[in-house]
Amino acid sequence: MARTRRNRRRRRGRFSFLLKLFGFLVAVAAMVAAITLFFRMDHIAVSGNERYSEEEVVAASGLATGGNLYFLNKFDVKEAIFAQLPYVEEVRINRKLPDTLLIEVRECKACAGVSNGAGVWLISDQGKLLEETAAPPEGCPLVTGAALIEPAASKKMDFGDAAAFRAGVVLTLLRAADERRMRENIGSIDISDETALNFTYLGRFAVRFPWTADVGYKLESLATVVDYLEDNETGRIDLMTEGKASFIPE
């Protein structure tokens with residue numbers, strides 16, 4: 001008799017557990033259904049875009065109205081936009097309840113071109129490959145002296161491990177020159193020399209300084225030298241020695 005009562009209690013305990021589990025699953029299903037119903041994505045708004053249309057940004061995101069505001073993967077959406085729209089440099093995604101998704105993009109501009117055989121790959125100041133063209137636009141220096149490895153839109157500029165440091169210095173030069181409003185005066189940048197960075201300036205000067213130099217300081221030294229020269233003077237400006245600038249006229 002005692003054994004029978006214990007068996008009944010066990011059965012009631014298992015039944016109670018299953019009933020609680022079923023109730024929990026029903027509650028979860030009801031919650032998911034409520035979220036799906038009340039947070040439906042009926043509108044997608046895009047801002048910050050200039051080069052690309054709103055339709056292009058939405059298409060690149062892979063999103064469509066009718067989805068759910070909370071079930072989307074923001075990381076995947078951003079990566080999809082970066083991969084398909086090379087000139088997009090930053091993406092922010094926010095929800096505006098009850099039914100709108102906000103996509104804010106920041107686009108970049110070409111700051112230089114990298115010679116690549118018959119064509120030129122335009123790059124951002126962060127080294128992102130933007131598109132291949134016949135020549136860089138006005139105001140964008142041309143980088144020569146090394147071959148890009150497997151270039152493709154939205155990939156990083158890559159010259160291989162041997163020239164990785166030099167690639168970083170080139171980007172530093174481009175950003176520092178832009179801050180000082182000097183970039184548009186740089187015509188070409190040659191990175192083939194392992195000992196020094198060489199570039200042309202104002203169409204009149206060949207400039208040279210060490211790869212390990214303080215780029216900002218060297219640009220300020222260059223500007224100082226040029227200010228002392230006459231407008232018709234041409235030649236080489238050597239900044240290889242620390243604290244010293246030499247002008248060698250043609």
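Quick caveat, the model's predicted, so the values are computed rather than measured.
Proximity of a side-chain donor or acceptor of Ser61 to a complementary backbone N or O of Val77 within less than 3.5 Å is not detected. No side-chain donor-acceptor contact under 3.5 Å links Thr100 to the backbone of His43. Side-chain atoms of Lys128 never come within 3.5 Å of backbone atoms of Cys108 as a donor-acceptor pair (strictly under, hydrogens ignored). At distances below 3.5 Å, not a single donor-acceptor pair connects side-chain atoms of Lys218 with backbone N or O atoms of Arg208. Within the 3.5 Å criterion, the main-chain N or O of Glu107 finds no donor-acceptor partner in the side chain of Tyr52. Arg204 places a side-chain N or O within donor-acceptor distance of the main-chain N or O of Glu233, the cut-off being under 3.5 Å. A donor-acceptor pair under 3.5 Å is absent between the side-chain atoms of Ser192 and the main chain of Gly145, judged by distance alone. Judged by distance alone, the side chain of Trp211 and the main-chain N or O of Ala196 form a donor-acceptor pair under 3.5 Å.
Scanning both residues, Ser154 and Ala83, for their nearest heavy atoms gives OG-O, 3.3 Å. Scanning all heavy atoms of the two residues, the minimum distance from Leu101 to Arg95 falls at CD1-CG, 4.3 Å. Between Glu132 and Gly119, the closest heavy-atom pair is OE2-CA, 4.0 Å. For the pair Pro141 and Ile189, the tightest heavy-atom approach, listed with the atom from each and the gap, is CB-CD1, 4.0 Å. The two atoms that bring Pro210 and Leu239 nearest to each other are CD-O, 3.5 Å, heavy atoms only. Considering every non-hydrogen atom in both Ala134 and Val120, the closest pair reads O-CG2, 3.8 Å.
Under a cut-off of 6.0 angstrom, the local environment of NZ in Lys78 is crowded, with over 12 non-hydrogen atoms contributed by other residues, nucleotides or ligands. Within a 6.0 Å sphere centred on CZ of Arg92, heavy atoms belonging to other residues, nucleotides or ligands number 12 at most. Within 6.0 Å of atom CZ in Arg236, 12 or fewer heavy atoms from other residues, nucleotides or ligands are found, so the atom counts as exposed in its surroundings. Within a 6.0 Å radius of NZ in Lys96, other residues, nucleotides and ligands contribute 12 heavy atoms or fewer. More than 12 heavy atoms of other residues, nucleotides or ligands shown are found within 6.0 angstrom of CD on Glu90.
Here the CD1 atom belonging to Ile248 is positioned 5.0 Å from the CG atom belonging to Asp238, to the nearest 0.5 angstrom. Atom NZ in Lys109 sits 12.0 Å away from atom CD in Glu89 (nearest 0.5 Å). Between the OG1 atom of Thr200 and the CG atom of Leu142 there is a distance of 9.0 Å, given to the nearest 0.5 Å. Rounding to the nearest 0.5 Å gives a distance of 9.0 Å between CD of Glu184 and CG of Asp178. We find the CD1-CG distance between Ile103 and Asn49 to be 10.0 Å, quoted to the nearest 0.5 Å. The CD atom of Glu56 lies 12.0 Å from the CD1 atom of Ile81; values are rounded to the nearest 0.5 Å.
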- Checking side chain to side chain contact (heavy atoms under 4.5 Å, CB included) for the pair Leu222/Met182: CA distance, chi angles, key distance, verdict? CA-CA 10 Å; Leu222 170 62; Met182 298 172 69; 4.1 Å; yes
- Task: Would you check, one step at a time, whether the test side chain to side chain contact (heavy atoms under 4.5 Å, CB included) holds for Arg183 with Arg175?
- Result: CA-CA 8 Å; Arg183 193 185 69 198; Arg175 291 192 291 266; over 6 Å; no
- Message: Could you go through Val91 and Val57, starting from their C-alpha distance and side-chain angles, then the distance that decides it, and tell me whether this counts as side chain to side chain contact (heavy atoms under 4.5 Å, CB included)?
- Response: CA-CA 10 Å; Val91 179; Val57 175; over 6 Å; no
- Query: Can you check side chain to side chain contact (heavy atoms under 4.5 Å, CB included) on Phe205 and Asn185, steps first, answer last?
  - Reply: CA-CA 10 Å; Phe205 305 108; Asn185 297 326; over 6 Å; no
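Both Leu219 and Val143 belong to a single network of hydrophobic side chains, linked directly or stepwise wherever heavy atoms of I, L, V, M, F, W or Y lie under 4.5 Å apart. Clustering ILVMFWY residues whenever any of their side-chain heavy atoms sit less than 4.5 angstrom apart, transitively, puts Tyr87 in a cluster other than the one holding Trp121. Hydrophobic cluster membership differs between Phe75 and Leu69, with clusters built from Ile, Leu, Val, Met, Phe, Trp and Tyr side chains linked at under 4.5 angstrom. One hydrophobic cluster, built from ILVMFWY side chains closer than 4.5 Å, cannot hold both Leu174 and Leu130; they sit in different ones.
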Run the side-chain donor-acceptor check on residues 158-173: report pairs under 3.5 Å with partners two or more places apart or on a different chain.
unit_1, atom_1, unit_2, atom_2, d
Asp158, OD1, Gly160, N, 2.8
Arg166, NH1, Ile191, O, 2.8
Thr172, OG1, Gly168, O, 3.0

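Side-chain contact between Met41 and Phe71 is absent, with no heavy atoms from C-beta onward closer than 4.5 Å.
A search for side-chain hydrogen bond (donor to acceptor under 3.5 Å, both in side chains) contacts involving Thr234 returns Glu250, not counting sequence neighbours. Remark: Asp42 pairs with Arg40 by the side-chain hydrogen bond (donor to acceptor under 3.5 Å, both in side chains) rule, at least two apart or across chains.
For the side chain to side chain contact (heavy atoms under 4.5 Å, CB included) test with Pro151, the passing option among Ile123, Val114, Asn116 is Asn116; the others fail.
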